[in-house]
Enquirer: 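Dumping the structure here so I can ask a few things about it.
All figures in this text were calculated on a predicted structure; none of them were measured in a lab.
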Amino acid sequence: MTVWVRAPGKVNLFLAVGRAAPDGYHPLATVFQAVSVYDTITASPAVGFSVTMGGLGSGLPVDASNLAVRAALALAEYAGVEARAEIRIDKQIPVAGGMAGGSADAAGTLVALNELWGLGLRALQLRGIGAGLGADVPFCLMGGTALGRGRGDQLMPLLSRGIYEWVLVMQKEGLSTPKVFAEFDAIRPDAPEVPEVDDHFLAAVTQGETELVARSARNDLAVAALRLHDEAQAVMEVCRLAGLAAFVSGSGPTIAVHVPAEKSPDEVARLLLDALPGVRCVHASGPVAGAQLL
Ligand code: C5P
């Protein structure tokens, strides 16, 4: 019996970042939206344990640095079972792109193995295991739209009306999340201890004012990420000149460009491609569900 799971990537519609705590982690106040770019995780019964990566993940290491491997081992330990499975991950979410690709794989692996091993763990238990693996794993399990506090792992689902259409501009060269946070520390020594999400922003999300949300999107990591990535900076500049609402997703370098009501995703992508030939544009919409069985 092979189990199939689809796990979404995310964008941060709002990302307020505070000063690093003594453990090095930065307190966040963020609004996550799961979007329709998916990694597919398949898990089959096996005598041993193996993980193979395909799609955008071809060639990625499958040792303990791989979040899906860590997820499988953490689940086996939690449940007191042997980690026996053949796992295949087909990646469509960019690697080191600020879209929680690694976390999506961890989330998808938890859901897949919970089913394959017949563990019957509840969503909250999986989320607890996920939180120990990475800050974005709980949200990849939950999906939809959510407010994230703490490291981004203390989640509260948000009522969100409307469907958001995005053109996601992905880059060949990714960005290291710790490097972006380090750059943030250098730029913003005055960051607040407790970051907050703007009340007006939350109201716009609830009311489904998609254009307003896209235009008021804020990302405190953007300056740091764009300083480290000239191509992403160029995408932002093209969007500014074209009057398109665009923002860096998470720690970047993926740029989320909002598709306004009067334009089609193809038109937006064409505009970007005309200005920046060869750039990789992917149409996505959100919010979508979290990691789930197919
Ligand atoms: O938890 P995750 O593995 O996604 O985080 C990767 C790195 O990003 C951390 O080791 C830390 O350097 C940085 N980070 C942070 N503050 C957060 C989340 C991540 O400084 N809230």
Enquirer: Is there a donor-acceptor pair under 3.5 Å between the side chain of Asp220 and the backbone N or O of Val17?
Expert: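 Side chain of Asp220 to backbone of Val17: a pair is present.
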Enquirer: Are Val259 and Val37 connected in the hydrophobic side-chain network, where two residues link if heavy atoms are under 4.5 Å apart?
Expert: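 No, it is not one cluster - the side chains of Val259 and Val37 are not joined through contacts under 4.5 Å.
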Enquirer: Partners of Phe181 by ring pair (Phe, Tyr, Trp, His ring centres under 6.0 Å), sequence neighbours excluded?
Expert: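 His26.
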Enquirer: Which atoms form the tightest heavy-atom contact between Ile41 and Ala104, and what is the distance?
Expert: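 Smallest interatomic distance, heavy atoms only, reads CD1-O, 4.2 Å.
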Enquirer: Hey, does Ile255 have a side-chain heavy atom less than 4.5 Å from the side chain of Leu168?
Expert: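 Contact flag for Leu168/Ile255 side chains = no.
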Enquirer: Distance check, rounded to the nearest 0.5 Å: Arg161 atom CZ versus Thr145 atom OG1?
Expert: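 Arg161 atom CZ to Thr145 atom OG1 measures 12.0 Å (nearest 0.5 Å).
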Enquirer: Could you tell me the separation between the CG atom of Leu13 and the CZ atom of Phe247, rounded to the nearest 0.5 Å?
Expert: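 That separation rounds to 5.0 Å.
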Enquirer: Could you pull out the closest heavy-atom pair between Ser285 and Ile163, with the gap in Å?
Expert: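 For Ser285 versus Ile163, the nearest heavy atoms are CB-CG2, 4.2 Å.
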Enquirer: Look at the side-chain heavy atoms of Ile, Leu, Val, Met, Phe, Trp and Tyr, link any pair under 4.5 Å apart, and say whether Leu212 and Tyr164 land in one connected group.
Expert: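 Not linked; separate clusters.
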Enquirer: With a 4.5 Å heavy-atom cut-off, do Val31 and Leu158 have their side chains touching?
Expert: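 Counting from C-beta outward, Val31 and Leu158 do come under 4.5 Å.
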Enquirer: Would the distance check show the side chain of Arg149 and the main-chain N or O of Pro195 forming a donor-acceptor pair, the cut-off being under 3.5 Å?
Expert: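 Such a contact is found between Arg149 side chain and Pro195 backbone.
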Enquirer: Side-chain heavy atoms nearer than 4.5 Å, only ILVMFWY residues, links allowed to pass through others: does that put Phe14 and Leu28 together?
Expert: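 No.
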Enquirer: Under a 4.5 Å cut-off applied to non-hydrogen side-chain atoms, are Ser160 and Thr206 in contact?
Expert: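 When only atoms from C-beta onward are counted, Thr206 and Ser160 do not touch, as no gap falls below 4.5 Å.
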Enquirer: Do Lys179 and Glu183 meet the salt-bridge criterion of a basic N to acidic O distance under 4.0 Å?
Expert: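 No.
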Enquirer: Are Asp105 and Lys91 close enough for a salt bridge, meaning some N to O gap below 4.0 Å?
Expert: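 Result for this pair is yes, salt bridge flagged.
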Enquirer: Using only atom types and a distance under 3.5 Å, with no angle test, would you say the side chain of Arg151 pairs donor to acceptor with the backbone of Ala135?
Expert: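 A pair under 3.5 Å: no.
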Enquirer: Grab the two heavy atoms, one from Ala64 and one from Val69, that are nearest each other, plus how far apart they are.
Expert: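 It is CA-CG1, 4.5 Å.
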Enquirer: Taking all heavy atoms of Ala107 and all of Cys140, pick out the closest pair and write down the distance.
Expert: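 That closest heavy-atom pairing would be CB-CB, 3.6 Å.
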Enquirer: Are the charged groups of Arg88 and Asp90 less than 4.0 angstrom apart, N to O?
Expert: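 No salt bridge links Arg88 with Asp90.
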Enquirer: Rounded at 0.5 Å granularity, tell me how far CG in Leu126 sits from CE in Met142.
Expert: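 One gets 14.0 Å once the value is rounded to the nearest 0.5 Å.
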Enquirer: Would you please indicate if the ring centroids of His283 and Trp166 are separated by under 6.0 Å?
Expert: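 So the answer is no for these two rings.
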Enquirer: If you draw a 6.0 Å radius around CG in Asp199, do more than 12 non-hydrogen atoms from other residues or ligands fall strictly inside?
Expert: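 Atom CG in Asp199 is not packed in, count stays at 12 or less.
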Enquirer: Are Val95 and Val279 in one and the same hydrophobic cluster, where Ile, Leu, Val, Met, Phe, Trp and Tyr link if side-chain heavy atoms are under 4.5 Å apart?
Expert: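 The answer is no; the residues belong to distinct hydrophobic clusters.
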Enquirer: In Å, rounded to the nearest 0.5 Å, how long is the span from CG of Leu155 to OG1 of Thr30?
Expert: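 The distance works out to 10.0 Å.
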Enquirer: Can you tell me how far the CZ atom of Arg280 sits from the CG atom of Leu273, to the nearest 0.5 Å?
Expert: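 Arg280 CZ to Leu273 CG: 11.5 Å, rounded to 0.5 Å.
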Enquirer: Under the side chain to side chain contact (heavy atoms under 4.5 Å, CB included) test against Val167, which residue among Asp266, Leu272, Val282 passes?
Expert: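 Single pass found, and it is Leu272.
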Enquirer: Report the distance from atom CD1 of Ile93 to atom OG of Ser103, rounding to the nearest 0.5 Å.
Expert: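 Separation between the atoms: 9.0 Å.
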Enquirer: Any donor and acceptor pair, going by atom type alone, linking the side chain of Glu77 with main-chain N or O of Ala74 inside 3.5 Å?
Expert: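 Not a single qualifying donor-acceptor pair exists.
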Enquirer: Counting N and O atoms only, with roles assigned by atom type, does the side chain of Asp39 sit under 3.5 Å from a partner on the main chain of Ala7, one being a donor and the other an acceptor?
Expert: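 A pair under 3.5 Å: no.
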Enquirer: Is there a side-chain contact between Val3 and Thr42, using heavy atoms and a 4.5 Å cut-off?
Expert: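 In short, these two side chains do not touch, never coming nearer than 4.5 Å.
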Enquirer: Got a sec, which residues hit ring pair (Phe, Tyr, Trp, His ring centres under 6.0 Å) with His229, two or more places apart in sequence or on another chain?
Expert: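 If we apply the ring pair (Phe, Tyr, Trp, His ring centres under 6.0 Å) test to His229, skipping adjacent residues, there are no hits.
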Enquirer: Honestly curious: do Leu293 and Leu121 fall in one hydrophobic cluster under the side-chain, below-4.5 Å linking rule?
Expert: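 Yes; Leu121 is reachable from Leu293 via cluster members.
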Enquirer: Would a distance-only check, ignoring hydrogens and angles, find a side-chain to backbone donor-acceptor pair under 3.5 Å from Trp117 to Ala79?
Expert: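 No, because the side chain of Trp117 does not come within donor-acceptor range (under 3.5 Å) of the backbone of Ala79.
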Enquirer: Side chain of Thr254, backbone of Gly97: donor and acceptor closer than 3.5 Å?
Expert: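 Here the side-chain-to-backbone pair exists.
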Enquirer: Between Asn12 and Gly250 (side chain of the first, backbone of the second, donor and acceptor by atom type, cut-off under 3.5 Å), is there such a pair?
Expert: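 The answer is yes, because a donor-acceptor pair under 3.5 Å joins these two groups.
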Enquirer: Suppose we screen for side-chain hydrogen bond (donor to acceptor under 3.5 Å, both in side chains). Which residues come up paired with Tyr25, at least two apart in sequence or across chains?
Expert: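 Tyr25: no side-chain hydrogen bond (donor to acceptor under 3.5 Å, both in side chains) contacts found.
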Enquirer: Return the minimal non-hydrogen interatomic distance between Ala68 and Ile89, and the atom names on each side.
Expert: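 Result for this residue pair: CB-CD1, 3.4 Å.
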Enquirer: Assess whether atom CE of Met156 is packed by more than 12 heavy atoms of other residues, nucleotides or ligands within 6.0 Å.
Expert: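 Count not over threshold, so no.
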Enquirer: Grab the two heavy atoms, one from Ala34 and one from Gly143, that are nearest each other, plus how far apart they are.
Expert: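 Where Ala34 meets Gly143 most closely, the heavy atoms are CB-CA, 3.9 Å.
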Enquirer: Considering only NZ, NE, NH1 and NH2 on the basic side and carboxylate oxygens on the acidic side, decide whether Glu267 and Arg270 come within less than 4.0 Å.
Expert: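 Arg270 and Glu267: not salt-bridged.
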Enquirer: Indicate yes or no: at least one non-hydrogen side-chain atom of Gln33 is less than 4.5 angstrom from one of Val35.
Expert: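 Contact flag for Gln33/Val35 side chains = yes.
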Enquirer: Checking Lys10 side chain against Gly98 main chain: does a donor-acceptor pair fall under 3.5 Å?
Expert: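 It does hold such a pair.
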